[in-house]
Amino acid sequence: QVQLVESGGGLVQAGESLRLSCAAAGSTFGEYGLGWFRQAPGKEREFVAGISWNGGSIRYADSVKGRFAISRDYAEKTVNLRMNSLKPEDTAVYYCAATGRYAYIAPGAFVYWGQGTQVTVSP
């Protein structure tokens, strides 16, 4: 019921910044949580950040806390991920995701997925 399209991935050098965006459509934007996951080659998909339906709750993985910032824009119906101080270990395909209606933003609550956008951080 939620369609998600990511954009903003690319190639950057370590220490630089990148902003990912995800356009959401389908269900009412303010009724579901949004988040970002990432998957590196040969690794399982991992939770990166999430923001609740009303923006009142935000969660980050320990590995990105203090460097990444998630936000949602209710006018543009997007969720964004500002990635600062990027490290080579941040290299992965980043996926936008959405929860069910009014669900808590636990990693297991995300059920809708975008196609992913590649982020590559060179040393």
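The first residue of the sequence shown is numbered 1, and numbering continues consecutively from there.
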Applying side-chain contact (heavy atoms from CB on, under 4.5 Å) to Ser57 and Ile51, what does each step give before you reach the verdict? CA-CA 6 Å; Ser57 296; Ile51 185 167; over 6 Å; no
Heavy-atom closest contact (Ala109 atom, Ala103 atom, distance): CB-CB, 4.3 Å
Separation of Ile70 CD1 from Leu34 CG (nearest 0.5 Å): 7.0 Å
Is the closest side-chain donor-acceptor distance between Arg82 and Asn84 under 3.5 Å? yes
Determine whether Trp113 and Leu4 make a side-chain contact, defined as any pair of heavy atoms from C-beta on separated by less than 4.5 Å. no
Check whether NZ of the Lys or CZ of the Arg Arg38 lies under 6.0 Å from the centre of the six-membered ring of Tyr95 and within 45 degrees of that ring's axis. no
Transitively linked via ILVMFWY side-chain contacts under 4.5 Å: Phe110 with Ile58? no
Charged tip of Arg59 within 45° of Phe47 ring normal and under 6.0 Å: yes
Can we say Asp90 and Lys87 salt-bridge, meaning some charged N sits less than 4.0 Å from an Asp/Glu carboxylate O? no
Quick check: closest heavy atoms across Thr99 and Val111, and the distance to 0.1 Å? C-CG2, 4.2 Å
Verify same cluster id: Val121, Phe68 (apolar side-chain graph, 4.5 Å): yes
Taking every non-hydrogen atom, the tightest pair across Tyr74 and Gly30: CE2-CA, 4.1 Å
Counting heavy atoms not belonging to Glu89, are there more than 12 under 6.0 Å from its CD? yes
Derivation and outcome, side-chain hydrogen bond (donor to acceptor under 3.5 Å, both in side chains), residues Thr78 and Asp73: CA-CA 5 Å; Thr78 61; Asp73 188 320; 4.9 Å; no
Working to the nearest 0.5 angstrom, can you tell me the gap between Ser85 OG and Arg67 CZ? 7.0 Å
Using the side-chain hydrogen bond (donor to acceptor under 3.5 Å, both in side chains) rule, take Arg19 and Ser17 through it: C-alpha gap first, then chi angles, then the decisive distance, then the call. CA-CA 7 Å; Arg19 180 178 180 268; Ser17 298; over 6 Å; no
Got Thr117 and Val93 here, is their nearest side-chain heavy-atom distance under 4.5 Å? no
So, does Glu6 use its side chain to make a donor-acceptor pair with the main chain of Gln115 at under 3.5 Å? yes
Between Phe37 and Tyr94, does the ring-ring contact (aromatic ring centres under 6.0 Å, His included) criterion hold? Intermediate values first, please. CA-CA 6 Å; Phe37 290 70; Tyr94 283 71; over 10 Å; no
CD/Gln1: more than 12 non-hydrogen atoms of other groups inside 6.0 Å: no
Taking the six-membered ring of Phe29, is the NZ or CZ of Arg72 close enough (under 6.0 Å from the centre) and on axis enough (within 45°)? yes
Any side-chain heavy atom of Val79 sitting closer than 4.5 Å to one from Cys96? yes
Looking at Tyr32 and Ala98, what are the two nearest heavy atoms and their distance? CD1-CB, 3.9 Å
Tell me whether the count of non-hydrogen atoms from other residues, nucleotides or ligands lying under 6.0 Å of OH in Tyr104 goes above 12. no
Kindly give the heavy-atom pair with the smallest separation between Val48 and Val64, and that separation in Å. O-CG2, 3.6 Å
If you count every heavy atom of other residues, nucleotides or ligands that lies below 6.0 Å from Gln39 atom CD, does the total exceed 12? yes
Hey, are the side chains of Thr28 and Trp53 touching, using non-hydrogen atoms and a 4.5 Å cut-off? no
Does the side chain of Val119 come within less than 4.5 Å of Thr91's, by heavy atoms? no
If every non-hydrogen atom of Trp36 is compared with every non-hydrogen atom of Leu20, which pair is closest and at what distance? CH2-CB, 3.7 Å
For the atom pair OG (Ser63) and CD (Glu46), what is the distance rounded to the nearest 0.5 Å? 5.5 Å
Approximate separation, where rounding is to 0.5 Å, of Asn80 CG and Ser21 OG: 4.0 Å
